[in-house]
Amino acid sequence: MLQHGGVLDITGAGVIGGTVGMTVPPLADAFGIRPTIREMARELAGHGYYVLVPNCFYREGPTPIIDLPGHIGEADRDALVARLMPLIKGLTPERVLSDADAYLSFLTAQPEVSTGPVAVTGYCIGGLLATRTAAAHPGQVAALAAFHAPVAADGPESLLRLTADVHFGHAETDITPEALAELNRSLDAAGVDHTSEIYPGTVNGFTMTDTDAFDPAGLRLHWDRLLPLLGRVLAKR
């Protein structure tokens with residue numbers, strides 16, 4: 001546990017097999033840390049990365065913040081999101097950046113972790129938090145990946161501070177082709193090395209195996225984009 005205006009609730013830290021690489025903190029979706037998130041962290045750690053999964057709602061208590069069903073169906077989703085929305089709104093940019101400082105300081109202090117840059121990844125609201133983290137730490141965050149996430153929620157000017165190599169994987173229901181083109185023009189104007197695309201046939205939450213939104217092809221494409229990004233960017237630093 002890490003003290004930071006309370007006790008930061010962290011899970012998934014560790015490396016499974018291989019040589020320890022750079023650090024990768026993935027930020028969970030609104031439903032938080034649960035078995036499917038832990039499994040994704042283990043998968044990522046299996047590729048040689050030190051992985052940390054923070055409970056972004058730690059101010060409300062340890063995970064799980066609310067009781068979740070084993071499978072989050074469409075019938076459950078709206079009610080669960082309604083319960084979580086006040087907590088999501090409480091994640092102000094100031095709190096997010098203060099927490100990010102603590103997460104990154106913790107990661108880079110671990111004896112198993114190589115010196116050098118880090119990558120941040122996120123899903124849904126976690127993708128926005130990851131984007132804010134990368135923008136606030138341009139000298140430290142070398143790779144950013146966000147999936148089915150409102151990455152431009154802070155406005156296109158927020159993307160100007162990004163220096164990381166970026167991949168944004170959008171759900172087909174989350175963004176129109178016109179809005180995608182506008183987002184990508186903003187990234188181009190900011191000089192961000194990026195790929196940003198709609199994953200065909202997907203809905204918000206497509207990477208999450210414990211929801212009705214899960215799309216196996218979308219999850220495979222997510223790994224096909226994420227792992228080469230991490231390998232390419234972190235290896236060359």
Search all heavy atoms of [X] against all heavy atoms of [Y] and return the closest pair with its distance.
| X | Y | answer |
| --- | --- | --- |
| Gly70 | Asp210 | O-CB, 3.7 Å |
| Val113 | Leu107 | CG2-O, 3.5 Å |
| Asp154 | Arg132 | OD2-NE, 2.7 Å |
| Val141 | Thr133 | CG2-O, 4.3 Å |
| Ala213 | Asn204 | CB-O, 3.1 Å |
| Gly73 | Asp212 | CA-OD2, 3.3 Å |

Using only atom types and a distance under 3.5 Å, with no angle test, would you say the side chain of [X] pairs donor to acceptor with the backbone of [Y]?
| X | Y | value |
| --- | --- | --- |
| Gln110 | Phe106 | yes |
| Asp193 | Ala164 | no |
| Asn55 | Gly61 | yes |
| Arg34 | Gly32 | yes |
| Thr36 | Met208 | no |
| Glu172 | Thr202 | no |

Answer with yes or no whether the hydrophobic clustering places [X] together with [Y]; edges join I, L, V, M, F, W, Y residues whose side-chain heavy atoms lie under 4.5 Å apart.
| X | Y | answer |
| --- | --- | --- |
| Val81 | Leu129 | yes |
| Phe214 | Ile33 | yes |
| Trp223 | Val53 | yes |

Ion pair Asp99/Arg59, N-O distance below 4.0 Å: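 Yes, this pair counts.
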Glu39 with Arg42: basic N within carboxylate O range, under 4.0 Å: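 Salt bridge present between Glu39 and Arg42.
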Aromatic contact, Phe206 with His170 (centres under 6.0 Å):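 No; His170 has its ring centre 6.0 Å or more from that of Phe206.
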Heavy-atom neighbours of Glu197 CD exceed 12 at 6.0 Å: yes
Separation of Leu159 CG from Thr131 OG1 (nearest 0.5 Å): 7.5 Å
Spacing of Phe57 atom CZ and Ile66 atom CD1 [to the nearest 0.5 Å]: 9.0 Å
Could you tell me if the side chain of [Y] sits less than 4.5 Å from the side chain of [X], heavy atoms only?
| X | Y | value |
| --- | --- | --- |
| Thr108 | Gln140 | yes |
| Leu183 | Phe168 | yes |
| Thr209 | Met40 | no |

Salt bridge (charged side-chain N to carboxylate O under 4.0 Å, His left out) between Arg83 and Asp67, worked out: CA-CA 11 Å; Arg83 292 178 62 190; Asp67 290 333; over 6 Å; no
Side-chain H-bond candidate by donor/acceptor type, His148 with Asp29, under 3.5 Å: no
His222 and Phe147 aromatic ring geometry - parallel, tilted or perpendicular at 30°/60° bounds: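 Ring orientation, 0 to 90° scale: perpendicular.
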